[in-house]
Amino acid sequence: MPREIPKAYEPQEIEERWAKSWFDEKLFRAENSGDGPVFSIALPPPNITGTIHIGHMLEHTQIDMLVRWHRMRGHRTLWLPGMDHAGIATQFVVERQLAKEKIRRQDLGREEFERRVWHWRTERGGAIKDQMIRLGASCDWTRERFTLEPSLYRAVIEAFLRLYREGLIYRGRYIVNWCPRCQTAISDLEVVHVERPGKLWHLRYPVVGSNEFLVVATTRPETMLGDTAVAVHPDDERYQRFVGKHVMLPLMEREIPVIADAYVDREFGTGVVKITPAHDPNDFEVGRRHDLPEIDVMTNDAHMSAAAGKYAGLDRFEARARVVSDLEALGLLECIEDISHAVGVCDRCKSEVEPRISTQWFMKMKPLAEPAKEAVRGGLIEVVPDNQRTILLNWLDNIRDWCISRQLWWGHRIPIWHCDDCKEMVPATDSRVELFEGHARAAGIPAKCPKCGGAKLTQDTDVLDTWFSSSLWPFSTLGWPDDTRDLRVYYPTSLLISGYDILFFWDVRMIMMGLHLTGGATAKERIPFKRLYLHSLVRTSEGAKMSKTKGTGVDPLQLTQQYGTDALRYMLASMAAPGTDIILSDDRIVGARNFANKIWNAARFLFVNLEKVEAAGLTMEELAAPEIRAQAPYPVTGEGALAHRWIFSRLAAVTAQVNDALENFRFHEACQTLYHFFWDDFCDWYIEWVKPQLAGADREVALAAWRNIFAALDNALRLLHPVMPFLTEELWHKLPQPAGAHSIALDKFPEPSPHWADASSDDSMARLQEIVGAARNIRAEMKLDPKRKVAADFWTTGPMLKNLVTENMDPLLRSAALSELRISPVHLDPAGAAIRSTSAFDLRIAYGDTVDKAAEIARLNKEIERLAKDIESKQKRLADDNFTGKAPGKIVDDLRATMMERQIEHKKLRDRLDQLS
RNA sequence: GGGCGACUAGCUCAGUGGUUAGAGCGCUCCCCUCACACGGGAGAGGUCCAAGGUUCAAGUCCUUGGUCGCCCA
């Protein structure tokens, strides 16, 4: 193996191999027996129509990091995956496909159409699952669920029936958002408001029995055909005398009343508004208050209906133009104003939504919102970042009823039957489902109408909003409404990670449904998740949402192909600071790729060099067997001793930091900590420091050094595994592992071993790094040939530091490319030399005549000035009794100590400057 | 109109009241040293949007304003 290890990390083959192996071996299957802490999380189910995009990748990376971390810490970990049937989206995909054959779904009929969708689902749906497997998501695929499968269908019916019986689901004729393209009602949340230029038309309505007009202003003149009143504010003196009179609705020649209602904004337009109860939510309210007729002047596809008289059959926008020109011809168009206003469009298809009166199913939300508010406010559910908690509570405060019916064929059909004779609504007898052509449908069909005894019952044709089934996801996937073992073990789930864009659509609704429907005795047992982490969205460099249709989306699989999955994961995680959106940049992923390569090469170095020690009779087993690694660090004599103690001390600190970061969703901090540990500490210092020991002149030293370095590498790999699963898996397998060990993913996450912590090593190493830094700085400034080793002089007053230097002479000389480092008994002579100082030591390298004296003077001056300023400000603060009296003692002491150090440095530099000039 | 957020190095971003505010990339200089040029070493670069305030101490907390986003109505 060592001989074949490639020079650059080549992720492609490695990733595919491990992805397949993890899946085939069912490595991530959760056991619902046993003891110990449980960590469970449900995958936000992607749409079956979807393919993976960078947002999924971000979400899955974050989930997977936490899942792998918990699993490695021995928690009973379940990540439950699944797909959403995605009502509208899926129906559209299939309809579009049919359209190519010039077939409409109506031509096929409902049953045949559903058959086609199922067929599509089998053939084409769920591509995202394969992509997730390929990208290493450590889900328990044996528990995969689909929102339309029988057990979840049953959960939906059960939930519906309970809510219906409790009166929380009702049917009624109200104003809804109608999408004329999707030909279905949609919920308020599915309407997005876009600011668009528009016009405000001022129309004259003749007052009956006079020559006067009332002028109304409207952005939608075509709806005037359905006007059933005009309204003014009750206190508006301009119009009081008209209240109770009638105006003649132009074009329709219909007399409609002038009413007074406080809803009217006196400042808007003329202060008179037309009232169209069937086509405007506010007018609808006014209409109900005043008992006005509701005239729907449109059809399902937003053409004018028979109720629109001679305009029937026209598209709504054609009708608008015709209405305006007809009014103008009659002299009833007062003026046209250009304005900008918010237009509601369908979230999915972007066509203009038509507010329209319609018979639909609704869910009462206020009673459900109250417990949810309590759970969040009381901290039963922790929301991160915290500001999202405010947003969530705010929304719950203003919640409105949810229109849950959709005029689609793909979805959970509403389990209500209508009596053909008396129109009584009869719910399914129970939530049982039966299989029809292999797919679930309601089985509890009522036999006869309980009211009139009629035997002809027809099931409601509507289906439920996709989000209805989604809102049951955390418990329906675990077997609810049955009392299953999974449900008892894994519910409430530990955590939900979702994008903040679906907070209202999904997260909040799950909280409400979980609290209301599940069986726990207390709210704490009924919440669907204990913590809610809202992750950021990935945006384009312009800050816009990624969009496939606009071509601004980034294909994660392509990036993966180019840079490796681990690199992409690392990049996303390293940018995933809570609360701010992510703007992708090529640089970052290149950096992440380089990091992966660095890890690869550090391991490569070890394995390649192992040959040399194998030649000396040491075996891999002796050096790196698991039981050997477990006892690290091994004491090393000689000059590398410090570095060994130090790297394990670093490991202890890094482990604690990573644990803390992951506990708090601070993925970017975990990444940064790991990056610096691996690259700077492990590679740049530790490996470099101990290289000669590894070469094996002294067998005992080599043995211990190798054991330590392999143990450290093994620890590092396990620390890195959650974010870079493939690379670490591959390298882990190159180390000896216990018989039967399958994967690093099932190995232990490092413990933050307190006995590894070693403050004195940390301190000593930092000092030595300063000395090396000083020497390198002189070399670079003097433009010394890097290959040329030079002698240096060293002066310090501290005996400790003197010993430290002596004890670590060899690695010091190598790191700084020095031929020798002479410890001087006296102050160093600045003549003919460059000196670098800290308060603790001076380092001198002699030069010929190569040095730019003026540059050195400039450098000194700049440094002196900076120090002087700093010292002055510190002196000032220390002289202030207010500060010394009130600030904590440690702060004052530290400040004083620092100031004294600065003063020493300052004096040294001043002296040198004097001698130079 | 209501709410939430952002503004820190050329760029993308960290920064949890307390030393001289950090990282990656980019830039400058040197080095293809036998793990890695996807590398090593050394540097330059910041009145932390503005003005007030709280505090012994503010990039960090508060107020107001500016610019730019997002959500809701």
Side-chain angles (χ1 to χ4, degrees), chain A residues 2 5-9 188-189 191-193 281 342 344 385 387-391 394-395 397-398 400 500-501 503-504 537 539 541-545 563-564 567 571 574-575 577 579-609 660 664 666 668-669 671-672 675-676 679 683-684 687-688 691 772-773 775-787 814-817 859 863 866-867 869-871 873-874 877-878 880-888 890-892 894-899 901-902 905:
Chain A
I5 196 162
K7 196 169 172 180
Y9 175 52
D188 294 336
L189 281 176
V191 178
V192 292
H193 293 92
N387 68 303
Q388 295 289 340
R389 203 176 81 109
T390 317
I391 296 172
N394 229 314
W395 188 74
D397 278 337
N398 299 304
R400 293 185 306 176
Y500 62 79
D501 54 335
L503 175 64
F504 305 142
L537 302 185
R539 297 185 181 278
S541 51
E542 283 78 40
K545 249 184 173 177
Y563 300 105
M571 187 269 292
S574 72
M575 297 189 75
T580 41
D581 285 342
I582 293 175
I583 294 174
L584 284 188
S585 80
D586 288 345
D587 293 344
R588 291 292 287 242
I589 191 165
V590 169
R593 190 270 317 261
N594 295 352
F595 182 42
N597 189 58
K598 187 74 183 179
I599 298 167
W600 179 258
N601 271 289
R604 181 167 177 267
F605 166 77
L606 298 185
F607 293 124
V608 167
N609 279 276
D660 185 60
N664 294 297
R666 307 186 66 81
H668 64 299
E669 268 180 24
C671 285
Q672 200 174 356
Y675 187 95
H676 287 297
W679 202 310
C683 292
D684 287 349
I687 291 184
E688 293 304 327
K691 264 181 183 174
V772 172
R776 285 171 173 175
N777 177 272
I778 296 177
R779 295 188 58 105
E781 299 276 315
M782 285 167 60
K783 300 202 192 309
L784 285 181
D785 178 353
K787 273 168 294 200
R814 274 188 305 113
S815 303
R859 195 187 69 85
E863 195 71 6
R866 203 174 66 169
L867 283 169
K869 249 182 173 163
D870 186 53
I871 291 164
S873 100
K874 286 185 167 53
R877 288 179 66 193
L878 285 166
D880 184 353
D881 294 342
N882 220 346
F883 169 65
T884 50
K886 287 186 183 170
K890 180 168 169 18
I891 298 293
V892 180
D894 285 356
L895 188 72
R896 189 169 290 123
T898 313
M899 187 191 68
E901 279 183 25
R902 296 287 141 72
E905 289 171 45

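What you see is a predicted model; the values in this text were computed from it and never measured. By convention in this document, chain letters (A, B, ...) are assigned in the order of the sequence lines, proteins followed by strands, and residues within each chain are numbered from 1.
- Rounded to whole Å, atom C1' of A35(B) lies 12 Å from atom CG of D684(A).
- Taking the P atom of each, A50(B) and U8(B) are spaced 10 Å apart, rounded to whole Å.
- Remark: U67(B) base-pairs with A6(B); criterion is Watson-Crick or G-U wobble with both hydrogen-bond distances under 3.5 Å.
- Each of E905(A) and E688(A) lies near RNA chain B, and the nucleotide nearest E905(A) is the one positioned closer to the 5' end.
- Contact annotation: N777(A) side-chain N/O to G43(B) OP1/OP2 distance is under 4.0 Å.
- As rounded to whole Å, 15 Å separates atom C1' of C72(B) from atom CG of N387(A).
- Separating the P atom of G10(B) from that of G46(B) is a span of 7 Å, rounded to the nearest Å.
- Between G3(B), C13(B), C38(B), one nucleotide has an atom nearer to the side chain of N394(A) than all others, and that is G3(B).
- R877(A) is linked by a salt bridge (Lys or Arg N to Asp or Glu O under 4.0 Å) to nothing, counting only residues two or more places apart in sequence or in another chain.
- Legend: residues meeting side-chain contact (heavy atoms from CB on, under 4.5 Å) with N882(A), ordered by chain and number and at least two apart, are D880(A), K886(A).
- Pairing for C61(B) goes to G53(B), judged as Watson-Crick or G-U wobble with the two contacts each under 3.5 Å.
- Scanning for salt bridge (Lys or Arg N to Asp or Glu O under 4.0 Å) contacts around K787(A) gives an empty result, with sequence neighbours left out.
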Between the protein and nucleotides 54-60 of chain B, which nitrogen or oxygen pairs come in under 3.5 angstrom?
{"from": "C56(B)", "atom 1": "OP1", "to": "K886(A)", "atom 2": "NZ", "distance (Å)": "2.7"}
{"from": "C56(B)", "atom 1": "O4'", "to": "N882(A)", "atom 2": "O", "distance (Å)": "3.2"}

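- If you check C72(B), A42(B), C13(B) against the side chain of R776(A), the one that comes closest is A42(B).
- D870(A) pairs by the salt bridge (Lys or Arg N to Asp or Glu O under 4.0 Å) definition with K874(A), R902(A), not counting sequence neighbours.
- Place D894(A) and Y500(A) on RNA chain B by their nearest nucleotides, and D894(A) ends up nearer the 5' end.
- U19(B) and A42(B) have their C1' atoms separated by 24 Å, with the value rounded to a whole Å.
- Nucleotides G53(B) and U60(B), compared at atom C1', are 15 Å apart to the nearest Å.
- Partners of A780(A) according to the side-chain contact (heavy atoms from CB on, under 4.5 Å) rule, which considers only residues two or more places apart in sequence or in another chain, do not exist here.
- Under the salt bridge (Lys or Arg N to Asp or Glu O under 4.0 Å) criterion, E669(A) pairs with R666(A), not counting sequence neighbours.
- Both distances falling under 3.5 Å, in either a Watson-Crick or a G-U wobble arrangement, place G43(B) opposite C27(B).
- Counted by atom type alone, D581(A) and Y500(A) present one or more donor-acceptor pairs between their side chains at under 3.5 Å.
- Pairing for C34(B) is absent, judged as Watson-Crick or G-U wobble with the two contacts each under 3.5 Å.
- Atom CZ in F595(A) sits roughly 18 Å away from atom C1' in A37(B) (whole-Å rounding).
- Atom CG of L537(A) is separated from atom P of C4(B) by 19 Å (rounded to the nearest Å).
- Rounded to whole Å, the separation between the C1' atoms of G24(B) and G66(B) comes to 30 Å.
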Could you list all N or O pairs between the protein and nucleotides 14-16 of chain B that sit under 3.5 Å apart?
{"from": "A14(B)", "atom 1": "OP1", "to": "T580(A)", "atom 2": "OG1", "distance (Å)": "2.3"}
{"from": "A14(B)", "atom 1": "O3'", "to": "H668(A)", "atom 2": "NE2", "distance (Å)": "3.4"}
{"from": "G15(B)", "atom 1": "OP1", "to": "R666(A)", "atom 2": "NH2", "distance (Å)": "2.9"}
{"from": "U16(B)", "atom 1": "O4", "to": "R666(A)", "atom 2": "NE", "distance (Å)": "3.1"}
{"from": "U16(B)", "atom 1": "O4", "to": "E669(A)", "atom 2": "OE1", "distance (Å)": "3.1"}
{"from": "U16(B)", "atom 1": "O4", "to": "E669(A)", "atom 2": "OE2", "distance (Å)": "2.7"}

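- Remark: F605(A) engages N609(A), I687(A), K691(A), L694(A) in a side-chain contact (heavy atoms from CB on, under 4.5 Å) (not counting sequence neighbours).
- Rounding to the nearest 0.5 Å gives a distance of 13.5 Å between OG1 of T884(A) and CD1 of I891(A).
- Scanning all heavy atoms of the two residues, the minimum distance from A596(A) to Y9(A) falls at CB-CD2, 4.0 Å.
- For I778(A) and G43(B), the CD1 to P distance is 11 Å, given to the nearest whole Å.
- Partners of D397(A) by side-chain contact (heavy atoms from CB on, under 4.5 Å), not counting sequence neighbours, listed by chain and number: K373(A), R377(A).
- Legend: residues meeting side chain to side chain donor-acceptor pair (under 3.5 Å) with R776(A), ordered by chain and number and at least two apart, are absent.
- Here C13(B) sits opposite G22(B) as a Watson-Crick or G-U wobble pair (both hydrogen-bonding atom distances under 3.5 Å).
- Of the P atoms belonging to C25(B) and A21(B), the separation is 22 Å, rounded to the nearest Å.
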Quiz item: Going 5' to 3' along nucleotides 24-31 of chain B, which nucleotides have protein heavy atoms under 4.0 Å from the base (write B), which only from the sugar-phosphate (write S), and which from neither (write -)?
Solution: -S---SSS
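- A distance of about 37 Å separates the C1' atoms of G2(B) and A9(B), rounded to the whole Å.
- In this structure, the CG atom of N398(A) is 9 Å from the P atom of A73(B), given to the nearest Å.
- Nucleotides G59(B) and U47(B) place their P atoms 14 Å apart, quoted to the nearest Å.
- Between F504(A) and I391(A) the shortest side-chain heavy-atom distance falls below 4.5 Å.
- At the heavy-atom level, I891(A) lies under 4.0 Å from base atoms of the strands shown.
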